**Student:** 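Got a structure here, written out as structure tokens. Questions coming.
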Amino acid sequence: MPPLDSTTSITPELIAAHGITREEYVRIQGILGRDPNITELGMFSVMWSEHCSYKNSKPILKLFSKMNAALPRQENLLVKPGQENAGIVDIGDGLAVCFKIESHNHPSAIEPFQGAATGVGGILRDIFTMGARPVLLMNSLRFGDLSQPVSQRLFRGVVAGIAHYGNCMGIPTVGGDIYFDASYEGNPLVNAMALGIIKKNEIVRGAATGVGNPVYYVGATTGRDGLGGAAFASKELSEASHEDRPAVQVGDPFMEKLLMEACLELLKTDALVGMQDMGAAGLTCAGCETASRASTGVEIDLMHVPRRESGMIPYEILLSESQERMLVIVKKGKEKDVERIFEKWDLHAVKIGEVTKGDKYRVLNEGQVAAEIPAKALADDGPVYVRDEEVPAYLAEAQKLDLTAVKEVKDFNSVLKRLLTYPSIACKAWVWQQYDHMVRTDTVFYPGHDAALIRIKGTQKGIAVSTDCNSLYVYLDPHEGGKIAVAEAARNVVCSGARPIGVTNCLNFGNPMKPDIFWQFHQAVSGMIESCTALEVPVTGGNVSFYNESPQGAIYPTPTIGVVGLLENIDKRVPSAFQTEGDVIFLAGETFNELGGSHYLMIEHSLKKGLPPRLDLKREKALQQFLLAAADGKKLASCHDLSEGGLALALAECCLKSESSLGASVKDLGEIRKHQAGLRTDALYFGESQSRAILSVKPEHREEVKRLALKQGVALYEIGEVGGDALGIEDRVHLPVSEIRKLFDSAIPNIMEIP
């Protein structure tokens, strides 16, 4: 795009370069009653991009709100999807949790360190903008084949960026999930989640209410970094995308730490009316969204905006996505109080405008009108499209799987070893050891458990969080894959003893203009809704990330799920690993001949085929209710979800994550075989049937646990005993725990040591 200034002529080529269609441009002319100037065109470009307007996804996203309205405990959902920067759920005793997950995929593909770092910074601002103090970070990451140098470079850069920002902020990064697959080569996924604690009576809204109230710019200065980032995120990556490096923001976590503390201090005064992060689309978005929410106008003068670069034109100032900046609406007469707080924290706090009558977002520059647009036209009334859908051409062939043609392996030890060293399964300590996961001293379950767990100071409560999505399942069956993603993330939280209270999601898909991609998207959302409805867990909001395609093609559809759970008494938490020699081992749930989409099939037979396991939501709900009852009664010594790798891998993980390196003896799986006639041994050992968990129980609690399972109608099989220094499963698996741990711990460090 050629250099722009106030005299730039609006041509068809320039309109197209801004991602505006001919029909959309005609609509803009109708809204304004004239042609837009270059600044206004840029403002419409970013606000009507998919990243900001959800113009392709909005009709589908409305299904979440419709679902929420039919769920019980409506009063607990204090901020609903799309209302504000993040969702908020009541947790009792006057407290609430504020949480959200968002993507920073395209920036991370171009500049992995800054892309990931600023993704963390942005999600943290979404939390403290609401008045909540962030207390934890999570992330969900996807990369290409880790044996490829480009994937290693992206992996190193993203992890370093996440660690840098979170560690400098003093907020623990307590967990997440990481997968590697060739579909993500050239287009990694970097999804960042944050959660904060807030008092119910201190929730801040991002609305510009009160005509005459001053509008303040606070935080860092404005530069040209991140220019047009929202529009950049709304198109496919190409060979030329490296030229979009200026669209990647540059973060300063130390500045953000000051900004967070100043904003939270401001919250304690009576000077604050509303607050909005200058994230995607920067000052354009912050101004029009605060005005639109309050049905007011906002007028600002760009001559007052602090800048770090000379010669910036209105277009650049309004579209810059420079980090660590906020727009604050202040009570008239309280200006000095606000300025005093930000001066204390050595931050800019400059009055740049005020709330006005009417509905216009009016931007002045040195006394001249640079832009004047109805706020709702930018923030809420953008185009909405109902896209065509069609079943992908690949699906019929991909779902075909003749198990009779899949030979059972003879060496089960060898299969387990290969699973333990597969990067998507292997230990991620190389990653989480770079994160400060213990800062603030509230982390109870460190990374590696089924769910992360923190305590809430001054209470008995704990908050458990899990992120999850098996994208191969979604690729092979988007509806069932969406169901499973929600159920597994919720199951992980339940395994820790916590009750799921809310879901946030980051929906990562390819180009929505392609009917097969949009069909994947719609089907995955419908599956997610089916699980949320059955499990009675509301969706609090999230993010849609389309256009995740590189020249090699689209990524696997990846609807990343974050589930938050509440543990009323943290003393009733349940760890994932075996605890005591002599404890009884149970398998809860049914096992079927389900190998489609499994890691076993992929690793041992080089097949990414078949239907993923079927999820029976009645069984899933019964299992979760059983586990919660057993945890509440302190009847469980440990609990671990079965997912990738199946029973054998889950047992190995329970051993290797044990502090005492406890082994296990699983001598007889005959009862499971009797219950499922014709069950293949490889499906029993490595199949990924849903709604299952490994429990260890003190012998004196054996009968009570059986009674609780019977009450909920959950199949429960006593399969072995904790003890020894090796894992033995019938006569097919025998591995010392020391060898299991060595294999599990070595895979990613060995790869990352490659120059």
Side-chain angles (χ1 to χ4, degrees), residues 50 56-57 60 105 109 142-146 148 151 179-189 235-239 386-406 422 424 468-485 488 506-528 530 544-561 593-615 644 687-688 690:
E50 174 63 31
N56 295 301
S57 53
I60 307 301
N105 303 336
R142 302 289 185 277
F143 300 95
D145 183 343
L146 197 48
Q148 299 300 312
S151 297
Y179 287 78
F180 302 93
D181 187 272
S183 78
Y184 301 105
E185 287 179 11
N187 198 134
L189 302 186
K235 61 183 179 181
E236 294 177 21
L237 292 172
S238 68
E239 299 290 354
V386 178
R387 294 299 179 193
D388 292 336
E389 300 181 36
E390 67 179 30
V391 178
Y394 73 81
L395 200 61
E397 182 61 31
Q399 290 182 343
K400 287 180 183 177
L401 178 63
D402 180 6
L403 277 183
T404 62
V406 177
Y422 188 71
S424 292
D468 210 279
C469 179
N470 185 318
S471 58
L472 179 56
Y473 288 177
V474 188
Y475 175 77
L476 293 171
D477 186 338
H479 182 89
E480 203 72 14
K483 281 171 62 179
I484 290 171
E488 185 169 341
C506 193
L507 307 177
N508 306 275
F509 290 81
N511 187 339
M513 313 291 279
K514 299 176 181 178
D516 57 335
I517 298 292
F518 202 80
W519 181 86
Q520 289 177 334
F521 172 67
H522 193 173
Q523 289 295 309
V525 168
S526 68
M528 292 163 57
E530 191 175 339
V544 176
S545 176
F546 280 143
Y547 301 98
N548 288 292
E549 302 199 14
S550 67
Q552 287 72 44
I555 62 162
Y556 279 170
T558 311
T560 301
I561 304 298
N593 270 328
E594 294 179 309
L595 290 174
S598 67
H599 275 67
Y600 162 73
L601 200 67
M602 177 170 57
I603 294 169
E604 196 64 30
H605 297 281
S606 301
L607 293 174
K608 293 183 177 180
K609 288 177 69 70
L611 288 170
R614 302 293 91 182
L615 175 64
E644 285 87 357
E688 298 172 6
Q690 294 296 295

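Sequence positions, counted from 1, serve as the residue numbers for this chain. The structure displayed is predicted, hence computed values, not measured ones.
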**Student:** Could you give all pairs that pass the salt bridge (charged side-chain N to carboxylate O under 4.0 Å, His left out) test and reach residues 550-561, with sequence neighbours left out?
**Tutor:**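 Not a single pair qualifies under salt bridge (charged side-chain N to carboxylate O under 4.0 Å, His left out).
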**Student:** Is there a donor-acceptor pair closer than 3.5 Å between any side-chain N or O of E480 and the backbone N or O of G527?
**Tutor:**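 A pair under 3.5 Å: no.
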**Student:** Can you check whether R387 reaches H522 side chain to side chain, under 4.5 Å on heavy atoms?
**Tutor:**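 The answer is no, as the side chains (C-beta and beyond) never meet within the 4.5 Å cut-off.
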**Student:** At their closest point, which heavy atom of V474 faces which heavy atom of C469, and how far apart are they?
**Tutor:**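 Smallest heavy-atom distance, with atoms named: CG2-SG, 4.0 Å.
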**Student:** Are the side chain of E185 and the backbone N or O of D145 linked by a donor-acceptor pair below 3.5 Å?
**Tutor:**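 Between the backbone of D145 and the side chain of E185 there is a qualifying donor-acceptor contact (under 3.5 Å).
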**Student:** What's the spacing between D468 CG and I561 CD1 if we round to 0.5 Å?
**Tutor:**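 Answer rounded to 0.5 Å: 9.0 Å.
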**Student:** Going by distance alone, is a donor N or O of one side chain under 3.5 Å from an acceptor N or O of the other, for N56 and E50?
**Tutor:**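 There is such a pair between these side chains.
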**Student:** Atom OG1 in T558, atom CG in L472: separation rounded to 0.5 Å?
**Tutor:**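 If we round to the nearest 0.5 Å, T558:OG1 and L472:CG are 10.5 Å apart.
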**Student:** If every non-hydrogen atom of N508 is compared with every non-hydrogen atom of I555, which pair is closest and at what distance?
**Tutor:**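 Nearest pair, atom of N508 first, then I555: O-CD1, 3.7 Å.
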**Student:** Can you name the closest pair of heavy atoms from L507 and P559 and give their distance?
**Tutor:**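 The answer is CD2-CB, 3.7 Å.
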**Student:** Distance-only, no hydrogens or angles: does the E688 side chain make a donor-acceptor pair with backbone N or O of S598 under 3.5 Å?
**Tutor:**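 No, the answer is negative, given that no donor and acceptor are paired below the 3.5 Å cut-off.
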**Student:** Check whether any side-chain heavy atom of E549 sits under 4.5 Å from a side-chain heavy atom of I517, and report yes or no.
**Tutor:**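 In short, these two side chains touch, coming nearer than 4.5 Å.
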**Student:** Would you please name every residue forming a salt bridge (Lys or Arg N to Asp or Glu O under 4.0 Å) with D477, sequence neighbours left out?
**Tutor:**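 D477 satisfies salt bridge (Lys or Arg N to Asp or Glu O under 4.0 Å) with R614 only.
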**Student:** Please tell me if the side chains of S424 and H599 come closer than 4.5 Å, counting only heavy atoms from C-beta onward.
**Tutor:**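 Yes, at least one pair of side-chain atoms sits under 4.5 Å.
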**Student:** Looking at every heavy atom in both G596 and L601, which two are closest together, and how far apart are they?
**Tutor:**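 Taking every non-hydrogen atom into account, CA-CD2, 4.3 Å.
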**Student:** For a side chain to side chain donor-acceptor pair (under 3.5 Å) check, start with the C-alpha distance between E488 and Y473, then their side-chain angles and the critical distance, and finish with the verdict.
**Tutor:** CA-CA 12 Å; E488 185 169 341; Y473 288 177; over 6 Å; no
**Student:** Could you tell me if the side chain of F521 sits less than 4.5 Å from the side chain of P478, heavy atoms only?
**Tutor:**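 Of all side-chain heavy-atom pairs linking F521 with P478, none is under 4.5 Å.
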**Student:** For S526, is there any backbone N or O sitting under 3.5 Å from a side-chain donor or acceptor partner on K483?
**Tutor:**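 Such a contact is absent between K483 side chain and S526 backbone.
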**Student:** Has the side chain of N548 got a donor or acceptor atom that lies under 3.5 Å from a matching backbone atom of G510?
**Tutor:**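 Between the backbone of G510 and the side chain of N548 there is no qualifying donor-acceptor contact (under 3.5 Å).
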**Student:** Restricting to non-hydrogen atoms, name the atom on Q690 and the atom on E594 that form the minimum distance, rounded to 0.1 Å.
**Tutor:**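 Minimum heavy-atom contact is N-OE1, 4.5 Å.
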**Student:** Judged by modelled atom types alone, do Y184 and S471 share a side-chain donor-acceptor pair under 3.5 Å?
**Tutor:**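 Yes - a donor-acceptor pair under 3.5 Å links their side chains.
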**Student:** Out of curiosity, F518 CZ to S57 OG, how far, rounded to the nearest 0.5 Å?
**Tutor:**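 If I round to the nearest 0.5 Å, the distance is 7.0 Å.
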**Student:** Just verifying a value: how many Å separate R142 CZ and Y179 OH, rounded to the nearest 0.5 Å?
**Tutor:**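 The OH atom of Y179 is 6.0 Å from CZ of R142, to the nearest 0.5 Å.
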**Student:** Only counting residues at least two apart or in another chain, list the ones meeting salt bridge (Lys or Arg N to Asp or Glu O under 4.0 Å) with D181.
**Tutor:**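 For D181 the salt bridge (Lys or Arg N to Asp or Glu O under 4.0 Å) partners, ignoring immediate neighbours, are K608.
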**Student:** Which heavy atom in L401 sits nearest to a heavy atom in V406, and how many Å separate them?
**Tutor:**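 Nearest pair, atom of L401 first, then V406: CD1-CG2, 4.2 Å.
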**Student:** Rounded to the nearest 0.5 Å, what separates atom CG in N470 from atom OH in Y556?
**Tutor:**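 These two atoms lie 10.0 Å from each other.
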**Student:** If you round to the nearest 0.5 Å, how far is CD of E389 from CD of Q520?
**Tutor:**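 With rounding to 0.5 Å, CD (Q520) is 11.0 Å from CD (E389).
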